[in-house]
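Take a look at the structure below.
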Amino acid sequence: MTDTWIPVESVPAESAESAAVPQERRIVTAVPGPRSQELQARRTAVVSAGVSSVLPVYIERAHGAVLEDVDGNRFLDFGAGIGVTTVGHTPARVVEAATAQSRDVLHTLFTITPYEEYVRVAELLAAHTPGDFAKKSVLVNSGAEAVENGVKIARKHTGRRGVAVLDHAYHGRTNLTMAMNYKAMPYGTGFGPFAGDVYHAPSSYPYRDGLSGAEAAARTIGYLDKVVGAADLACLVVEPIQGEGGFMVYADGFLPALQDWCTANGVVMIADEIQSGMARTGAYYASEHFGWTPDLVLTAKGIAAGFPLAAVTGRAEIMDASHPGGLGGTFGGNPVACAAAIAVFETIEEEGLLAEARRIEATLTAGLERLREKYDIIGDIRGRGAMIAIELVGSGTAETSKTPNAAAVSAIVAYAAQQGVLFLSAGTWGNVLRFLPSLRMTDELIEDALGVLDDAFASVA
Ligand SMILES: *Cc1c(COP(=O)(O)O)cnc(C)c1O
């Protein structure tokens, strides 16, 4: 019975292990099954239609790389709650740390009476974000809130108002971040008016624009110089690998060239590492792959294995720009979320998860290369670590060979779900299939999922 209250003291130390879900794919009912359908009917009566679900199977238990629903179906999870359960679902260290912290203190509000866990998370962020200089952090609750605070801090530091972002970017669902997104639908349409002084600069999209990093950077900088004007620009916010935009990896040299321009012009350059950070790409932060040392780094999703926590971390002199009391919020840096985050850092370190991300990249990209030889609608394979995507395009002739193929992505996602594999889509045109598993996804499970993917491609071809 899920509504039976269990006193915390009775939870055994190995609770995370005893809750373990077998690491396998298993479909025992139609998808969604009868119990999920009942819950869906209840949900429809009381949950806003504005909140939708990719796959309305209701999850009862999750562990490692597998989700188990209320009908007993088990799904290989290639979404990880959009890159949140990077260290796996219900990881033992995190569950135990959060449980222990829950007994000690649930909340005081750091801006009233502080506690050590917040300070420890800030120390870990200072140690693991790119750059060898003094760093400070502020902790908040969500990715969008981290973006908002990064912009606040950059504005206060520079005394300027302008905020620049790149085409195909995604930064959140609050009023400011809606204005920073590329895609109107579904994030912005009908929800305006939006915040002003947000500028959308051209990006780098090697598969489609054919530009070198230097050429793409010159185009971006030309726009910032002429259309915005450096004198009014507080910050340039960039995802080192774009998430919702389709796991875009920019041409080599693009990011360092933008950072050089920002530094020369007094613009704060901010890495939105909300999806790409926290070991997901085989480095703590994806910026490292591209020789980019940002001024500020935004962390969220994977930092606490599912507990809501986010951070702005960066150069101490920029982070200290705000007057005391200018930053904060009721729940920001909650003690239980901080204890979970500390355990996430320990888990990455002690269980060698950076190497696991690189293993996943090798197995997954090799399998996807094999599929590309069979299916010409796979136009591009890109990403790093456990953040890999394929861009699907038209089949056959030169004219259709780069036409975005969203229909194939939808069909493949639907087919795989029926077989017990959860894939997510992405991309400005919805034509990108992304693989964002936890770092617990074994090679055996990846090969199993690739088999399902092969069948799914055959069914669309
Ligand atoms: C998810 C995401 C956000 C927003 O984070 P929330 O926690 O959903 O507010 C911002 N930027 C990127 C790159 C993201 O992937």
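Heavy atoms only: backbone and side chains are in, while hydrogens, waters and symmetry mates are out. Note that ligands are numbered from 1 as they come in the structure, with each ligand's atoms numbered from 1 the same way.
- For Tyr115 and Phe110, the gap between ring centers is short of 6.0 Å.
- The pair Arg434-Glu244 meets the salt-bridge criterion, since a charged nitrogen lies less than 4.0 angstrom from a carboxylate oxygen.
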Contact table, ligand 1 N/O with protein N/O, distance under 3.5 Å:
{"residue": "ligand 1", "atom": "7 (O)", "partner": "Gly143", "partner atom": "N", "Å": "2.7"}
{"residue": "ligand 1", "atom": "9 (O)", "partner": "Gly143", "partner atom": "N", "Å": "3.4"}
{"residue": "ligand 1", "atom": "9 (O)", "partner": "Ala144", "partner atom": "N", "Å": "2.8"}
{"residue": "ligand 1", "atom": "11 (N)", "partner": "Tyr170", "partner atom": "O", "Å": "3.4"}
{"residue": "ligand 1", "atom": "11 (N)", "partner": "Asp272", "partner atom": "OD1", "Å": "3.4"}
{"residue": "ligand 1", "atom": "11 (N)", "partner": "Asp272", "partner atom": "OD2", "Å": "2.7"}
{"residue": "ligand 1", "atom": "15 (O)", "partner": "Gln275", "partner atom": "NE2", "Å": "2.8"}
{"residue": "ligand 1", "atom": "15 (O)", "partner": "Lys301", "partner atom": "NZ", "Å": "2.6"}

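- Between the side chains of Tyr182 and Gln242, not a single donor N or O lies within less than 3.5 Å of an accepting N or O.
- Looking at Asp197 and Tyr199, their side chains do bring a donor and an acceptor atom within 3.5 Å of each other.
- Using a 3.5 Å distance cut-off with no hydrogens or angles, the side chains of His63 and Thr90 do pair a donor with an acceptor.
- The aromatic rings of Tyr170 and Tyr187 are tilted relative to each other, their planes meeting at an angle between 30° and 60°.
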